Structure formats: structure tokens, C-alpha cells
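Chain A is the first sequence line, chain B the second, and so forth, proteins listed ahead of strands; every chain is numbered from 1. A quick note: this is a predicted structure, and the numbers were derived from the prediction, not measured.
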Protein chains: 2
Amino acid sequence: MLIRHESGAVPLELRGYTRLPERRMRRGEVFRSSDRGDLVALRVVEGCLRVCHPLHDGRRQITDFLMPDDGIGIDEVRRHNGSIEAVTPARVALLTADTAEAEGESELAQARIGAMQARLFMLGHKNAREKLAAFLLEMSERIAPGEASFRLPMSRYDIADYLCLSPETVCRNFTQMSSDGLISLPDSQTVQILHRAPLEFIGR
Amino acid sequence: MLIRHESGAVPLELRGYTRLPERRMRRGEVFRSSDRGDLVALRVVEGCLRVCHPLHDGRRQITDFLMPDDGIGIDEVRRHNGSIEAVTPARVALLTADTAEAEGESELAQARIGAMQARLFMLGHKNAREKLAAFLLEMSERIAPGEASFRLPMSRYDIADYLCLSPETVCRNFTQMSSDGLISLPDSQTVQILHRAPLEFIGR
DNA sequence: CGGCAGTTTGAAAGATTTCAACATTTGTGG
DNA sequence: CCACAAATGTTGAAATCTTTCAAACTGCCG
């Protein structure tokens, strides 16, 4: 872990915000590459954040969702003009150079390389259904390990920008999986995995 | 740079090999994840290598091409069941733990994270034409910086597996760019960039 | 010369996006 | 508390892009 101690960390309360139709943010922005040069890292205490990067055509790509205890180095975000935003109401520990401990940074980098490699495989050769299956399994693991049911904190638009699909395609594949009996959707945010094995086969 | 000294490095001569139609390798394999546990890193002295990863459906993804002076840590390849193969006849320095210098490893990791981030943006939201434009500019920079003309060491199949496209799509877009007057193709391996600015606009 | 791998092109099939419409949910102010 | 507005979610149909399948061409090497 990059961030070991919370001592000196600046806790920040954030209200959640709703996504704007033009895919731009107005509220809930935790970090923008242009400001807070003293920030070094950030760790989620509660809630869910997303790491966003603007693309040249005005769209955005979400490179990561951050759940409680997940940390991220700011340099990586800053380098690509990114921002970190609240998906839900969140509490965050902001860490400056003197409060963040660099110890273990190398292992963190290795872990990130591994995660990005996996993401490269996913974006490269998986189709929409496979991407969504992999996504649901990932979220299941991160949100409620071992449970069949979990609640997605992010919108279909967020999922689309994470998987590099259109929101409509994401939606269609949710519906498809549901009518295939792989998952159940009591409401749009709640996912119950009915048959994990075939889902793993599709998304692996 | 991960690898600073060549002292103690094992130079390895490799004959080039041609890609087999079934997309499998037989010769020219430098490294497979299953063998040579003592290997730590590798640096290209001459020629061009590719870093390949097999996918679950039998296809492969090329995560990187390695040109002279490029180095790569083996762990990263090993972790994802990958292999490193010669694209052209190549000379390679194989480095074991005692010959490789770990110094600067952290900067190397940071650089790799940056490169992978760029690749994520590329695979995520770029179409075939944009991918190819970005690829040609990248290769131009790495093979013959500042020159308008350069020679691609790899096949259309390799390019396809790097850009996550079918070889036919790659081919069609070469033809398209050529007939659009953006590039010229004296032969299939030689690329001359006629108008760099529009190419950069497309591929950025 | 013949064969083989690589390259190129065409046509059809398949997947995803885009555009449009409508339904549902959420937040806000009266 | 309700009504309205705004945002999210869903579905359909057409358009676009990419892949797949097929065939032909090219260049190289034995």
C-alpha cells in the first residue's frame, strides 16, 4: 500500500452528484490535474470515486473506480489531464508529501501494471457481453466478496465509459444477461449473480 | 533504465522467423513464461522483438514491440503467460539477477504505467484509422526519429494483434491512408509519411 | 518453377453506435 | 406532499464500422 498512515491526512466530505447529460462534471470533483500541486496521493475512506480522463473528441474514459481503502497516486492522474470525482457521497483522505508514506511504492506500481495489463486484455479483444461479465465479477469481488448480490454505486454511463462502450450497449447487455438468467436485476443498481460459473466463462 | 550494464549479459543470436498461418510460433522464441526462472530482464541489442500474450480464445495480443536499447522486465511477461519473440533477426542481452541492476526500477515502472495508460486510451475509444495513425507515428518516432520514411519490421498480422484489429482491417486502412495521400507505400514494409500534421490530428 | 507466407481486395455477416422515443427515478420548490 | 423538471435507464431502428470468409495477387526462397 502506498498510503499506510492516516495521520495528517485531510479528511474531505463530499456530496454525491448526478451525472450531467453533456458528460461533464459540476460538483463532487475531488481533484483536477490543474490544481493542488501539493497533493501526492488520495485514499478512499467511504463511498466510491472514479478516475476520469478527458479524450480529444470530448468523450471521457474512466480508468478506475476507487472503493474504500483503495488509494491512488496523483501523478498518474495529473499526467493525463485527469480528474477524480465522487460517484457517491464519499469521505476521502487527501495526502501531501509529508503525510504520505512512499514505502511500498514499488509494489503498488507493480500491482497497477498488472491491473492495467488485465484492462488492456479486456479492452482489446473482448466484446460487449464479455466486458460486462468481467466487470460484474470484478465489482462483485470488490464490493461484496463472496456474496451473490451487490449494489453498483455507479451509473450505466460510468460503466460505459469504463468499458469503452456506449451506455445503450451496456444497458442492452444487462437486459440480455438478465433474460438469459445469468443475473437478476431487482432494480437497476442492484445485481444478483445467479450463475457465477457461466459468467466467469464469458468474462474470463 | 532498468538495465544499465551489459557486463555479464548473455548475448543471444536469433534468427528471424516468419509468422505461421495458424498464428502460433515455432522458432525464434526468446522467452516463454514457463522457462528460465533465473532470467530477470532482457534488452534488445539489435533487431526487433514482440511481447505476446495468448488470449483465452486462442488469439494473441501483442503488448509491445521492443527496439534496440528497449528493455523489459520478465516478471511482467511471466505473470500473464506471455512470450517474447523475434520479429526480425535479433541480438539480445539476457540478464539474470546478478547481472541486471535494479537501480532506477521505479522510474521504469512509472514510464511503463504511462505507456500503458496511453495504450488504454488508444484501444478504448479509437477506431481503426485512428489506431493506425497513432501506430505509424509511434513507429516513426521509435524507428527513425525525424525522418519521413521508415521501414516497419513487423507484419500486418503483428500490427493487427498490437492494435487489436483484424489484419484485413489494418490492410484496408493502410490502403485508405495511401489513397488519401497521407502516406506513401513504396512496398508493404516501407512507410513514407507525406503529411504528418493531419496524421497527428487523426491519431492523437 | 512451385510453394508458401504475407498482402490485398471484395462481399456478406455481425457487432456496436447513433439517433430517437419513451419510461423510470430522483431532486427541488411550491 | 405533490408536481414538475432533470437525469438516468430502456428499447427500437437505421447507420456505421469491423470482422469473417473467400479469392486472388506478390515476393521470396528452396
Side-chain angles (χ1 to χ4, degrees), chain A residues 15-28 50 55 57-59 87-89 123-133 151-161 163-179 183 185-191 202, chain B residues 15-28 50 55 57-59 87-89 123-133 151-161 163-179 183 185-191 202:
Chain A
R15 302 216 21 221
Y17 84 97
T18 48
R19 195 176 196 286
L20 300 179
E22 70 274 24
R23 304 191 181 186
R24 283 303 183 92
M25 320 300 134
R26 261 206 306 255
R27 297 182 293 153
R50 63 179 170 236
L55 301 177
D57 59 1
R59 288 183 299 184
V87 173
T88 66
L123 293 185
H125 281 293
K126 280 191 169 66
N127 65 25
R129 186 179 176 78
E130 293 162 349
K131 284 179 183 178
L132 186 57
R151 200 173 156 73
L152 290 171
M154 71 291 287
S155 73
R156 299 286 190 260
Y157 289 84
D158 285 341
I159 298 172
D161 288 342
L163 299 179
C164 298
L165 295 169
S166 70
E168 292 93 336
T169 298
V170 169
C171 195
R172 274 184 249 274
N173 280 277
F174 264 107
T175 306
Q176 185 67 49
M177 279 187 183
S178 178
S179 56
I183 61 173
L185 293 167
D187 65 272
S188 69
Q189 307 273 107
T190 307
V191 179
I202 295 170
Chain B
R15 301 217 23 222
Y17 85 97
T18 48
R19 194 174 198 288
L20 301 178
E22 70 274 23
R23 305 192 179 186
R24 282 301 183 96
M25 320 298 133
R26 263 205 305 255
R27 298 181 293 151
R50 61 177 171 237
L55 301 177
D57 59 0
R59 289 182 299 183
V87 172
T88 66
L123 293 186
H125 281 293
K126 280 191 170 66
N127 65 25
R129 187 177 175 77
E130 293 162 348
K131 284 180 182 176
L132 186 57
R151 201 172 155 72
L152 290 171
M154 71 291 285
S155 73
R156 299 286 190 260
Y157 289 85
D158 285 341
I159 298 172
D161 289 343
L163 300 179
C164 299
L165 295 169
S166 71
E168 291 92 336
T169 297
V170 170
C171 196
R172 274 183 249 275
N173 280 276
F174 264 108
T175 306
Q176 186 66 48
M177 280 187 184
S178 179
S179 55
I183 61 173
L185 294 166
D187 64 272
S188 69
Q189 306 275 108
T190 306
V191 179
I202 295 170

Expressed as a whole number of angstroms, how long is the span from [X]:[atom1] to [N]:[atom2]?
{"X": "A/Tyr157", "N": "D/dT10", "atom1": "OH", "atom2": "P", "result": "10 Å"}
{"X": "B/Leu165", "N": "C/dT8", "atom1": "CG", "atom2": "C1'", "result": "16 Å"}
{"X": "B/Asn173", "N": "D/dC17", "atom1": "CG", "atom2": "P", "result": "11 Å"}
{"X": "B/Gln176", "N": "C/dT7", "atom1": "CD", "atom2": "C1'", "result": "17 Å"}
{"X": "B/Leu163", "N": "D/dT19", "atom1": "CG", "atom2": "C1'", "result": "15 Å"}
{"X": "A/Glu168", "N": "D/dT16", "atom1": "CD", "atom2": "C1'", "result": "14 Å"}
{"X": "B/Arg172", "N": "C/dA11", "atom1": "CZ", "atom2": "P", "result": "11 Å"}
{"X": "A/Arg156", "N": "D/dG9", "atom1": "CZ", "atom2": "P", "result": "6 Å"}

Worksheet entry | N/O (side chain, B/Gln189) to phosphate O (OP1/OP2, C/dT7) under 4.0 Å |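 So the side chain of B/Gln189 is within the cut-off, an N or O lying under 4.0 Å from OP1 or OP2 of C/dT7.
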Worksheet item: Within the structure, does a side-chain N or O atom of B/Thr169 lie under 4.0 Å from either OP1 or OP2 of D/dT19?
Response: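 For B/Thr169, the contact criterion (side-chain N or O under 4.0 Å from OP1 or OP2 of D/dT19) is met.
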Quick one: are [X] and [Y] in side-chain contact, heavy atoms under 4.5 Å?
{"X": "A/Leu152", "Y": "A/Thr190", "result": "no"}
{"X": "B/Ile183", "Y": "B/Leu185", "result": "yes"}
{"X": "B/Met177", "Y": "B/Leu132", "result": "yes"}

Donor-acceptor pair, side chain of [X] and main chain of [Y], under 3.5 angstrom:
{"X": "A/Lys131", "Y": "A/Leu163", "result": "yes"}
{"X": "B/Asn127", "Y": "B/Glu130", "result": "yes"}
{"X": "B/Arg59", "Y": "A/His125", "result": "yes"}

Worksheet entry | Residue closer to the 5' end of DNA chain C, A/Val170 versus B/Phe174 (nearest nucleotide) |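 Its nucleotide being nearer the 5' end, the pick is B/Phe174.
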Worksheet item: Given D/dT18, C/dT18, C/dT9, which nucleotide is nearest the side-chain atoms of B/Ala128?
Response: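 Per side-chain heavy atoms of B/Ala128, the pick is D/dT18.
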Item to complete: Classify the nucleic acid contact of B/Ser188 as base, sugar-phosphate or nothing, counting any heavy atom under 4.0 Å across all strands shown.
Response: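 Contact class for B/Ser188: sugar-phosphate only.
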Worksheet item: Thinking salt bridges, do B/Arg151 and B/Asp187 make one under a 4.0 Å N-O criterion?
Response: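 A salt bridge links B/Arg151 with B/Asp187.
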Fill in: Rounded to 10 degrees, the angle between the two terminal axes of the helix from C/dC1-D/dG30 to C/dG30-D/dC1, each from five pairs
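Terminal axis comparison yields 30°.
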